[in-house]
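Notes follow the structure.
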Amino acid sequence: MSSFFRALVLLVLLGSCGSREFSAPRDLDNACSILTERPEYRRAFKRAEQKYGVPMPGMMAMIYQESKFIGNNRPPHQYALGVIPIGRQSSALGYSQALDGTWEEYQNEVGGRRSKREDIHDAADFMGWYMTKTVAETGVPMYDIRNQYLAYHDGRSGFKRGTWRSKSWLIRIAGEVEQRALLYDRQLRSCGKR
């Protein structure tokens with residue numbers, strides 16, 4: 001019986017260790033708290049900021065909107081007749097909610113085959129890469145988080161075509177992402193993590 005109990009305790013411990021990586025930080029409204037709880041996030045964001053010039057608060061705000069910092073986040077399943085699962089709404093996965101095709105493009109250009117959407121370092125690098133391409137292809141400045149998010153959500157070609165203009169809900173969300181980036185920036189400056 002004691003070996004069974006030990007095995008059970010070991011399984012519980014291993015299960016709790018694995019799930020932490022994919023769970024959201026406790027206080028998503030406080031950038032300082034997020035980076036204190038998950039120091040690896042700060043390292044990932046700083047590296048992407050230095051490599052691409054992408055502002056850390058903007059990247060954090062976009063990740064908040066896309067995945068709420070849940071590393072293995074996926075869109076919900078769709079159901080036929082309300083009960084028969086027919087797949088997910090899209091192939092989005094991970095912190096950045098990158099789609100399969102866009103992630104493959106990133107892997108081929110800079111990320112390499114071993115990069116994973118569920119890894120915060122790879123997700124931050126992906127976002128820096130994507131936002132840099134947005135600057136080059138659309139002229140949207142790196143610090144224009146509202147329009148960077150619109151181009152991130154609808155894709156660069158969709159952004160250039162103006163697909164977002166007919167989506168009042170997306171325009172509202174882009175404004176919320178911009179406001180969260182400003183909030184995160186103020187918080188990071190006040191706690192010295194910027």
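All residue numbers refer to positions in the sequence shown, counting from 1. Hydrogens, waters and symmetry mates are skipped; everything else that's a heavy atom, side chains included, is used.
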Practice task
Indicate the ring-plane relationship of Y64 and F69, choosing parallel, tilted or perpendicular according to the 30° and 60° boundaries.
Solution key: tilted
Practice task
Using modelled atom types only, decide if a donor and an acceptor are shared between the side chain of E118 and the backbone of G71 within a distance under 3.5 Å.
Solution key: no
Practice task
Inspect the contact between R180 and E176 and indicate whether a charged nitrogen and a carboxylate oxygen are less than 4.0 angstrom apart.
Solution key: no
Problem - L170 CG to R165 CZ distance, which is reported to the nearest 0.5 Å - result: 12.0 Å
Handout entry: Short side-chain donor-acceptor distance under 3.5 Å, R43 and H121
Key = no
Problem - Verify same cluster id: M142, F45 (apolar side-chain graph, 4.5 Å) - result: yes
Problem - Salt-bridge present (D154, K167; N to O < 4.0 Å) - result: yes
Practice task
To the nearest 0.5 Å, tell me how far I70 CD1 sits from S23 OG.
Solution key: 8.0 Å
Practice task
Would you confirm whether Q107, through its side chain, and S115, through its main-chain N or O, come within 3.5 Å as a donor-acceptor pair?
Solution key: yes
Handout entry: Side-chain donor/acceptor of E66 to backbone N/O of Q97, under 3.5 Å
Key = no
Practice task
Validate the cation-pi geometry between R156 and Y130: distance from NZ or CZ to the six-membered ring centre under 6.0 Å, angle to the ring axis within 45°.
Solution key: yes
Problem - Single-linkage hydrophobic cluster, 4.5 Å side-chain cutoff, L183 and I63 together - result: no
Handout entry: No-hydrogen, no-angle side-chain donor-acceptor test under 3.5 Å, Y52 and D125
Key = yes
Handout entry: Donor-acceptor contact present, side-chain D122 to main-chain R117, <3.5 Å
Key = no
Exercise for the section: Would you confirm whether T102, through its side chain, and A98, through its main-chain N or O, come within 3.5 Å as a donor-acceptor pair? Expected result: no
Practice task
Look only at the side chain of Q148 and the backbone of Y143, and say whether a donor-acceptor pair between them is shorter than 3.5 Å.
Solution key: no
Practice task
Group every Ile, Leu, Val, Met, Phe, Trp and Tyr by side-chain heavy-atom contacts under 4.5 Å, then state whether I171 and V177 land in the same group.
Solution key: yes
Problem - Cluster check F126, V110: I/L/V/M/F/W/Y, side chain < 4.5 angstrom - result: yes
Problem - Gap separating the CG atom of N108 from the CZ atom of R113, nearest 0.5 angstrom - result: 4.5 Å
